[in-house]
Amino acid sequence: MKEASYFGQTPPGIIAEVFAPGIISTENFEFAITFSPQMDELFFTRRKPEADNEIFHMKLSDGQWSNPELAFFTPEIGWDFEPHINPKGDRLYFGSLRPLPDSTKSSGLNQWMSKKIPNGWGEPKPLDSPFKDRFVMYLTSSENGNLYFTSRDEGAERGDGGIYRAISEGGQYSGVERMGTAINFDGKWIAHPYIAPDESYIIFDGEHDSGFGESDLYISFKQNGLWTEAINMGPEVNTEKTEMCPSVSPDGKYLFFHRGVYIDGEKESGDIMWIDFGLLKEKLLSQTVVVN
């Protein structure tokens, strides 16, 4: 069945396909897509050749999607990427190199958040401590407000970061913690976590000697309060190319992710892919091993 929410495309099966070719996935470099809970709004990142990352926005009205346009919060200085709408649909998070308030120069990468208002989204504001005091990238939220993201400890090399989380305490966050070895396995470039709304699974990317190529997608399930050993999501998803930046549609039906090619000093290319997540999850659940 073709659905308006998915641009009238025939849904994919157990093998990943390019999502919305010519509309979202183009000759440019696209990654990190997020949908509103009502499936009537989306944001994604696009990078044109020799340009900076930019967040694009689309709306669904009367069965038709608007054309991709730069998000209303596009900065004059710096650039934005990796948007995420939380499960309740009232928060939009993204990373940005824009200047902080009361500044005219970029202070590096920070996480920003915009609140939902009656006629759209409010003016974004940078996240406060404990996020502003450390490297934080690709932040996603569970239903209860717990935040999962890429980070690294002070002094660590870029490739030695991992997945961290911050527990919501009435909407406040007192600190961050590095997740255990079931998720932060013995590999490199472990990053870009997508947390399930109910925290029943987490999907992320990373490099490992047993992988299919560059960065692969992995999944860990929470069973009896413990995270299972991370599983490579297999050849249905992963290739010799780079797979990264996962997200799952609010209806839980489809996994979205980026697949691309990176060549130093030359043009890079990459699209947003999608796959039937229900079928894939059922297969992967049979391979789980609980790690204390």
Side-chain angles (χ1 to χ4, degrees), residues 31-32 34 43-45 47 52-55 57 70-117 120-180 183-184 189-195 197 199 202 204-206 244-247:
F31 61 104
T34 184
F43 295 85
F44 67 96
T45 312
R47 184 163 66 243
D52 293 327
N53 292 313
E54 297 175 310
I55 293 177
H57 173 243
L70 287 174
F72 76 95
F73 49 77
T74 300
E76 294 183 4
I77 301 173
W79 48 256
D80 301 329
F81 72 154
E82 298 176 349
H84 169 71
I85 299 175
N86 71 340
K88 293 182 178 179
D90 60 358
R91 299 287 187 274
L92 170 65
Y93 297 96
F94 63 94
S96 182
L97 289 181
R98 67 182 62 204
L100 293 171
D102 302 321
S103 175
T104 59
K105 296 182 179 180
S106 173
S107 61
L109 177 63
N110 289 282
Q111 292 298 308
W112 292 67
M113 186 267 288
S114 177
K115 293 183 178 180
K116 189 71 173 178
I117 57 177
W121 295 94
E123 196 65 26
K125 297 181 180 179
L127 297 187
D128 206 342
S129 296
F131 307 102
K132 74 172 186 179
D133 300 324
R134 63 182 302 130
F135 170 77
V136 174
M137 185 176 69
Y138 207 81
L139 183 150
T140 61
S141 172
S142 63
E143 285 177 337
N144 59 17
N146 294 339
L147 301 178
Y148 292 72
F149 47 90
T150 309
S151 191
R152 57 177 177 263
D153 294 332
E154 187 174 354
E157 297 293 328
R158 289 182 61 205
D160 293 333
I163 310 302
Y164 290 66
R165 70 174 183 173
I167 302 300
S168 174
E169 301 168 353
Q172 302 297 314
Y173 305 90
S174 60
V176 305
E177 59 181 357
R178 182 181 173 91
M179 301 193 72
I183 293 168
N184 288 309
W189 301 106
I190 298 172
H192 305 123
Y194 171 81
I195 187 66
E199 297 185 311
I202 186 170
F204 57 95
D205 47 76
M244 66 176 191
C245 296
S247 64

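Listed here is the closest heavy atom pair of Ser114 and Phe72: OG-CZ, 4.0 Å. In terms of heavy atoms, Pro197 sits closest to Ser142 at O-CB, 3.5 Å. When all heavy atoms of Pro87 and Ser141 are compared, the pair lying nearest together is CD-O, 3.3 Å. Ala166 and Gly175 get closest at one heavy-atom pair: CB-O, 3.5 Å. In terms of heavy atoms, Glu157 sits closest to Arg152 at O-CD, 3.8 Å. Scanning all heavy atoms of the two residues, the minimum distance from Gly78 to Pro75 falls at O-CG, 3.6 Å.
Looking at Arg91 and His84, their side chains never come closer than 4.5 Å, going by heavy atoms from C-beta outward. Looking only at side-chain heavy atoms (C-beta outward), Asn146 and Ile195 stay at 4.5 Å or farther from each other. Looking at heavy atoms from C-beta onward, Asp80 lies in side-chain contact with Arg98 at the 4.5 angstrom threshold. Side chains of Tyr164 and Arg178 form a contact here, defined as non-hydrogen atoms less than 4.5 Å apart. Counting heavy atoms from C-beta outward, Asn144 and Glu199 have side chains that approach closer than 4.5 Å. Using a 4.5 Å heavy-atom cutoff, the side chains of Tyr93 and Thr34 are not in contact. Put simply, the side chain of Thr150 reaches to within 4.5 Å of the side chain of Pro193, judged on heavy atoms. No side-chain heavy atom of Asp205 sits less than 4.5 Å from a side-chain heavy atom of Trp189.
Within the 3.5 Å criterion, the main-chain N or O of Leu97 finds a donor-acceptor partner in the side chain of Ser106. Judged by distance alone, with hydrogens and angles left aside, the side-chain atoms of Asn184 form a donor-acceptor pair with the main-chain N or O of Ile163 at under 3.5 Å.
A cation-pi arrangement is present between Lys116 and Trp121 under the rule of less than 6.0 angstrom and at most 45 degrees off the ring axis. The side-chain tip of Arg134 does not point at the ring of Phe149 from less than 6.0 angstrom away and within 45° of straight on.
In this structure, CG on Leu139 lies 4.5 Å from CG on Leu147, to the nearest 0.5 angstrom. Note: Gln111 CD to Leu127 CG = 6.5 Å, rounded to the nearest 0.5 Å. To the nearest 0.5 Å, atoms CD1 (Ile202) and OG1 (Thr140) are separated by 6.5 Å. The CG atom of Asn110 sits 8.0 Å away from the OG atom of Ser96 when rounded to the nearest 0.5 Å. For the atom pair CZ (Arg47) and CG (Asp52), the distance works out to 9.0 Å, reported to the nearest 0.5 Å. The distance from the OG atom of Ser174 to the CD1 atom of Ile167 is 9.0 Å, given to the nearest 0.5 Å.
Phe94 pairs in a ring-ring contact (aromatic ring centres under 6.0 Å, His included) with only one of the listed residues (Phe81, Phe73, Phe43, Tyr138), which is Phe73.
Ring pair Tyr173/Phe131 is perpendicular by interplanar angle, where above 60° counts as perpendicular and below 30° as parallel.
The residues Glu177 and Arg165 are annotated as salt-bridged, a charged nitrogen and a carboxylate oxygen being separated by less than 4.0 angstrom.
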